[in-house]
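Because only heavy atoms are used, hydrogens play no part in the values below, and waters and symmetry mates are left out as well, while side chains stay in. Residues take their numbers from the sequence shown, with the count starting at 1.
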Amino acid sequence: MAAHMLATRLRLVLQNLECKLRDAFRIYPPVGPALAVTGSNTVKDTPDNGNGFDIKSLWDGLLWAVPKSKRSLERRRTRRRAVEKRIHERQDIVPCEFCGRPKLLFHLCGHCVDKVRTETEEIREKLGTEWQWRIPQTETVILYDGESLKDADKNNHIVEMKKKRPSWFTKELYEERKV
């Protein structure tokens, strides 16, 4: 039934288009091959607006993409609450090894990064006051309270911090590794 209606509609559109094109180019009767469609319906002549061609009438009878019927409430809710759209529990959130706060797996903990940033700023301020912003030619050793100086570090520039060394800032972090 729907295919028959579609074929009838399409036939009428094509006949209307052929008629409008003949009127626009003042070709009558048709010269050469013409569109031959069998059927009992005929195209009705549309009133002429003066120039012989109306572009708006070309779109008369075309099928527009509109839904056939309204979606039911059940179908809408089923579509919106689909299993694929649900929020799933993340498996890549783990506690930080140092502070215990949650962090993404294989990422740095934001809280620990802030602590490192503040400690680094304190060391830079201490270095800025000691060096007067002139960089020494020797290595710099950071010495916290309760730590002793090694014999190998006596010729290096020593920065003394008047507080206890943070647990995450070990001496091995800035020592050279011998492979």
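- From K115, atom NZ reaches atom OG of S167 across 6.0 Å, with rounding to the nearest 0.5 Å.
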Quick one: side chains of residues 68-85, donor-acceptor pairs under 3.5 Å with protein atoms, not counting sequence neighbours, listed by atom name and distance.
residue, atom, partner, partner atom, Å
S72, OG, R75, N, 3.3
T78, OG1, E74, O, 2.7
K85, NZ, R79, O, 3.4

Test E160 against E147 for side-chain contact (heavy atoms from CB on, under 4.5 Å), laying out the working first.
-> CA-CA 10 Å; E160 294 183 13; E147 295 179 349; over 6 Å; no
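- L104 belongs to a hydrophobic cluster whose other members, connected by ILVMFWY side-chain contacts under 4.5 Å either directly or through intermediates, are I93.
- F98 and V94 sit in two unconnected hydrophobic clusters of ILVMFWY residues. Membership requires side-chain heavy atoms under 4.5 Å apart, directly or through other members.
- Not counting sequence neighbours, the partners of D92 by the salt bridge (Lys or Arg N to Asp or Glu O under 4.0 Å) test are R90.
- R165 places a side-chain N or O within 3.5 Å of a backbone atom of F169 that can act as its donor or acceptor partner.
- Of all non-hydrogen atoms in N156 and E139, the two that sit nearest each other are CB-O, 3.2 Å.
- In this structure, C109 and C99 have side chains that are in contact, with non-hydrogen atoms separated by less than 4.5 Å.
- In the hydrophobic cluster analysis, where Ile, Leu, Val, Met, Phe, Trp and Tyr join through side-chain heavy atoms closer than 4.5 angstrom, V116 is grouped together with L127.
- Around the CG atom of L149, the shell of radius 6.0 Å holds more than 12 heavy atoms that belong to other residues, nucleotides or ligands.
- Under a hydrophobic clustering in which Ile, Leu, Val, Met, Phe, Trp and Tyr are joined whenever their side-chain heavy atoms come within less than 4.5 Å, directly or via other members, V113 and F106 fall into different clusters.
- Judged by distance alone, with hydrogens and angles left aside, the side-chain atoms of H107 form a donor-acceptor pair with the main-chain N or O of L105 at under 3.5 Å.
- Taking 4.0 Å as the cut-off between side-chain N and carboxylate O, K150 and D153 do not count as a salt-bridged pair.
- Inter-residue side-chain proximity for L14 and R11 is flagged as unmet; no heavy-atom pair is nearer than 4.5 Å.
- Taking every heavy atom of both residues into account, G100 and P95 meet most closely at O-CB, 3.8 Å.
- To the nearest 0.5 Å, the span separating CG on L10 from CD on Q15 amounts to 10.0 Å.
- A pairwise comparison of heavy atoms in K126 and V159 identifies CG-CG1, 3.5 Å as the closest pair.
- Between the OG1 atom in T140 and the NE2 atom in H157 there is a gap of 5.5 Å [rounded to 0.5 Å].
- Shown here are the salt bridge (Lys or Arg N to Asp or Glu O under 4.0 Å) partners of K163, two or more places apart in sequence or in another chain: E119, E122.
- By the salt bridge (Lys or Arg N to Asp or Glu O under 4.0 Å) test, D151 pairs with no residue at all, sequence neighbours left out.
- The CG atom of L21 sits 8.0 Å away from the CD atom of E18 when rounded to the nearest 0.5 Å.
- The two residues I123 and M161 have their closest heavy-atom pair at CG1-CE, 4.1 Å.
- When the salt bridge (Lys or Arg N to Asp or Glu O under 4.0 Å) test is applied to R86, no partner is found at least two apart in sequence or on another chain.
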